[in-house]
Number of protein chains: 2
Amino acid sequence: MTDIETTPLFRKLSAFVSLSEAEVTVLKELRQRRRTFTAGRDLIHQGQSDQDIYLLDSGWVCSYKILPDGLRQIVDFQIPGDFLGLRSALLQTSDHSVEPITDIEVSEVFVADLLGAFARTPRLATAVLWAASRDEAMVVEHLVNIGRRDADVRTAHFLLELGARLALVGLGSKEGFACPLTQYHLGDVLGLSAVHVNRVLRRLREGGMLTVHKGQVTFDNYDRLIAFAEFDPTYLDQERPFLK
Amino acid sequence: MTDIETTPLFRKLSAFVSLSEAEVTVLKELRQRRRTFTAGRDLIHQGQSDQDIYLLDSGWVCSYKILPDGLRQIVDFQIPGDFLGLRSALLQTSDHSVEPITDIEVSEVFVADLLGAFARTPRLATAVLWAASRDEAMVVEHLVNIGRRDADVRTAHFLLELGARLALVGLGSKEGFACPLTQYHLGDVLGLSAVHVNRVLRRLREGGMLTVHKGQVTFDNYDRLIAFAEFDPTYLDQERPFLK
DNA sequence: ATGATGGATTGATCGAAAGCAGTCTCTGCT
DNA sequence: AGCAGAGACTGCTTTCGATCAATCCATCAT
């Protein structure tokens with residue numbers, strides 16, 4: 001069995017709460033029913049109700065909405081350590097679809113089990129709730145990003161944020177990260193055409209700031225990039241004193 | 001004392017749950033400490049923590065973020081019956097600012113009182129939680145709106161959504177609604193310049209779809225507008241069978 | 001080797017929205 | 001009455017990003 005302390009969720013939550021022995025055990029028990037899904041086949045459909053919660057163990061997933069004319073807007077990507085359908089299950093609404101970008105491994109979590117775990121370990125509940133609120137803050141940040149930043153800054157900001165999220169679960173650093181997204185995915189999340197994404201990436205590369213090549217995002221000059229993107233590197237990983 | 005049954009919050013929640021005598025009483029007790037604020041002065045500042053929750057009784061408010069270069073993105077407007085700072089208080093983060101657009105009247109609600117009310121009346125808790133999730137769904141819808149719809153459709157969609165929300169609390173109908181927003185406000189929420197908003201509104205007016213004049217939004221042809229904006233009129237007010 | 005496919009890349013053109021500048025019309029003020 | 005200011009409106013020019021159309025380059029299947 002995998003050592004729990006290397007799992008993405010554990011790493012993520014540990015950044016905000018130091019988990020006790022008992023809490024680790026509870027976390028472990030949640031991850032029993034493992035399942036795998038293949039890339040491209042929708043996991044959750046827009047309008048579906050009463051679905052399960054999944055904890056993403058490996059691979060990448062995206063949540064999106066489709067417009068009548070076929071245009072797609074990706075709301076967010078989920079990476080290892082993220083929950084899928086948490087909010088939808090708690091609130092019984094699924095207003096968007098969820099599609100695996102790569103083959104993924106998930107742990108199926110029953111709502112009742114999760115609520116039981118929360119009841120036994122309030123600190124765990126707080127930490128998970130915090131993670132959920134962080135996800136929401138990110139959606140708001142994407143709104144600002146798309147509404148008010150130009151394509152270059154917007155793209156840089158998004159990739160930095162993604163890097164920060166990945167770093168939190170041990171899958172990235174200031175150097176860069178492995179990234180399975182195509183330029184079409186980037187277009188759909190940034191509200192740009194894939195062609196334009198290509199030009200933007202070229203400009204960022206020629207500006208010596210970042211390189212995207214062969215499924216690898218490399219931050220060529222992290223500090224310059226931060227400044228260019230107006231990115232606040234603390235906004236995702238600051239400590240929460242009240243939780244410590 | 002105001003008759004509770006005419007208050008916006010009561011009307012909104014009643015659309016989803018039929019509240020019992022006891023629940024109405026609890027609701028009434030929450031609305032004790034009335035306060036007023038004047039237009040323009042920020043209620044909540046970005047970064048602030050540990051603030052109160054307010055229930056908006058009358059007037060309009062907007063939540064926004066400011067970028068370093070001074071550009072502003074309004075995340076959403078709040079109208080009578082909406083909570084202010086609910087999420088921030090529960091989750092101890094305030095990542096945006098809140099500013100009254102008009103003079104407003106609010107009821108200050110202490111977190112402890114609200115939680116107490118939830119404990120005594122679970123159905124009320126569910127209803128409020130539902131309202132919160134609806135707010136979140138709206139933010140996602142705005143993301144799609146800004147990311148993938150052109151200015152005209154985007155504007156029409158937004159005004160229809162606003163109309164639907166207002167109708168829910170008795171402040172609007174298929175005919176239109178009173179609206180204190182300037183074209184600058186509309187620009188900031190739609191990710192457009194105020195000048196362009198003006199042109200968009202002219203096109204919509206000349207298309208016989210809607211008129212904005214003197215603080216009044218009039219839907220000149222509701223059905224045509226719905227079709228043009230690809231607006232789903234049920235998405236905010238559909239019944240929740242599990243709550244009835 | 002030979003295609004077939006999906007993604008990346010580049011060029012050329014077009015259109016939507018921004019930016020700038022100025023006018024107009026209220027409303028409130030003294 | 002006269003003025004000041006905010007918001008609404010319009011014309012002109014520029015810029016950003018979309019769209020259309022190729023080409024290129026891996027990987028994979030046969």
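What you see is a predicted model, and the numbers here were worked out from it, not measured in a lab. Atoms considered below: every heavy atom in the structure, side chains included; atoms not considered: hydrogens, waters and symmetry mates. Just so it is clear: chains get the letters A, B, ... in the order the sequence lines come, proteins before strands, and each one is counted from 1.
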Exercise for the section: Indicate yes or no: at least one non-hydrogen side-chain atom of B:Tyr222 is less than 4.5 angstrom from one of B:Leu160. Expected result: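 When only atoms from C-beta onward are counted, B:Leu160 and B:Tyr222 do touch, with a gap below 4.5 Å.
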
Exercise for the section: Kindly indicate whether the side chain of A:Leu225, heavy atoms from C-beta on, has any atom under 4.5 Å from the side chain of A:Asn221. Expected result: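 When only atoms from C-beta onward are counted, A:Asn221 and A:Leu225 do not touch, as no gap falls below 4.5 Å.
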
Exercise for the section: Would you tell me if any nitrogen or oxygen in the side chain of A:Asn198 comes within less than 4.0 Å of OP1 or OP2 on C:dT9? Expected result: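 Yes, within the criterion.
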
Practice task
State whether B:Arg202 places a side-chain N or O below 4.0 Å from either non-bridging phosphate oxygen (OP1 or OP2) of D:dT10.
Solution key: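 Checking B:Arg202 against D:dT10: at least one side-chain N or O falls below 4.0 Å of OP1 or OP2.
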
Practice task
Verify salt bridge (Lys or Arg N to Asp or Glu O under 4.0 Å) between B:Asp82 and B:Lys12, making sure each step is shown before the conclusion.
Solution key: CA-CA 9 Å; B:Asp82 289 346; B:Lys12 186 167 79 167; 2.9 Å; yes

Practice task
Report yes or no: does B:Asp76 contribute a side-chain atom to a donor-acceptor pair with the main-chain N or O of B:Val139 at less than 3.5 Å?
Solution key: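 The answer is no, because no donor-acceptor pair under 3.5 Å joins these two groups.
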
Practice task
Identify which one of A:Leu204, A:Ile226, A:Leu159, A:Asp223 satisfies the side-chain contact (heavy atoms from CB on, under 4.5 Å) criterion when paired with A:Met209.
Solution key: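 Result for side-chain contact (heavy atoms from CB on, under 4.5 Å) with A:Met209: A:Leu204.
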
Problem - Per-nucleotide protein contact string for nucleotides 21-29 of chain C (B base, S sugar-phosphate only, - none; heavy atom under 4.0 Å) - result: -----SS--

Closest to the [X] side chain: [options]?
X        : options               : answer
B:Arg205 : D:dC9, C:dA8, C:dG11  : D:dC9
B:His196 : C:dT9, C:dA18, D:dA18 : C:dA18
A:Ser193 : D:dG17, D:dT19, D:dA8 : D:dT19

Exercise for the section: For DNA chain D, determine which residues of residues 144-158 of chain A have any heavy atom closer than 4.0 angstrom to one of its atoms, and list them numerically. Expected result: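 A:Asp150, A:Ala151, in order of number.
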
Handout entry: Rounded distance in Å - CG (A:Leu186) to P (C:dT9)
Key =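 My rounded result for the distance is 11 Å.
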
Handout entry: A:His185 NE2 - C:dG7 P separation (whole Å)
Key =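 Interatomic distance, NE2 of A:His185 to P of C:dG7: 8 Å.
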
Problem - 5'-most by nearest nucleotide on DNA chain D - A:Arg199 or B:Tyr184 - result: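 On the 5' side of the pair lies B:Tyr184.
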
Exercise for the section: Using a heavy-atom cut-off of under 4.0 Å over every strand shown, decide if A:Gly191 touches base, sugar-phosphate, or nothing. Expected result: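 Sugar-phosphate: the residue A:Gly191, judged by heavy atoms under 4.0 Å, touches backbone atoms but no base.
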
Practice task
Determine the contact category for B:Leu192: base if any of its heavy atoms lies under 4.0 Å from a base atom, sugar-phosphate if only primed atoms, P, OP1 or OP2 are that close, otherwise nothing.
Solution key: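 If one applies the 4.0 Å heavy-atom cut-off, B:Leu192 turns out to touch the sugar-phosphate alone, with no base involved.
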
Practice task
Might you confirm whether atom CZ of A:Phe228 has over 12 heavy atoms from other residues, nucleotides or ligands at distances under 6.0 Å?
Solution key: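 For A:Phe228, atom CZ is crowded (more than 12 foreign heavy atoms under 6.0 Å).
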
Exercise for the section: Tell me, yes or no, whether the heavy-atom count around A:Phe37 atom CZ, taken from other residues, nucleotides or ligands under 6.0 Å, exceeds 12. Expected result: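 Atom CZ in A:Phe37 is packed in, count exceeds 12.
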
Handout entry: Salt-bridge criterion met for B:Glu141 and B:Arg149 (N-O under 4.0 Å)
Key =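 Result for this pair is yes, salt bridge flagged.
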
Exercise for the section: Using a strict cut-off of less than 4.0 Å between a Lys/Arg side-chain nitrogen and an Asp/Glu carboxylate oxygen, indicate whether A:Arg205 and A:Asp220 qualify as a salt bridge. Expected result: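 Salt bridge flag = no for A:Asp220 with A:Arg205.
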
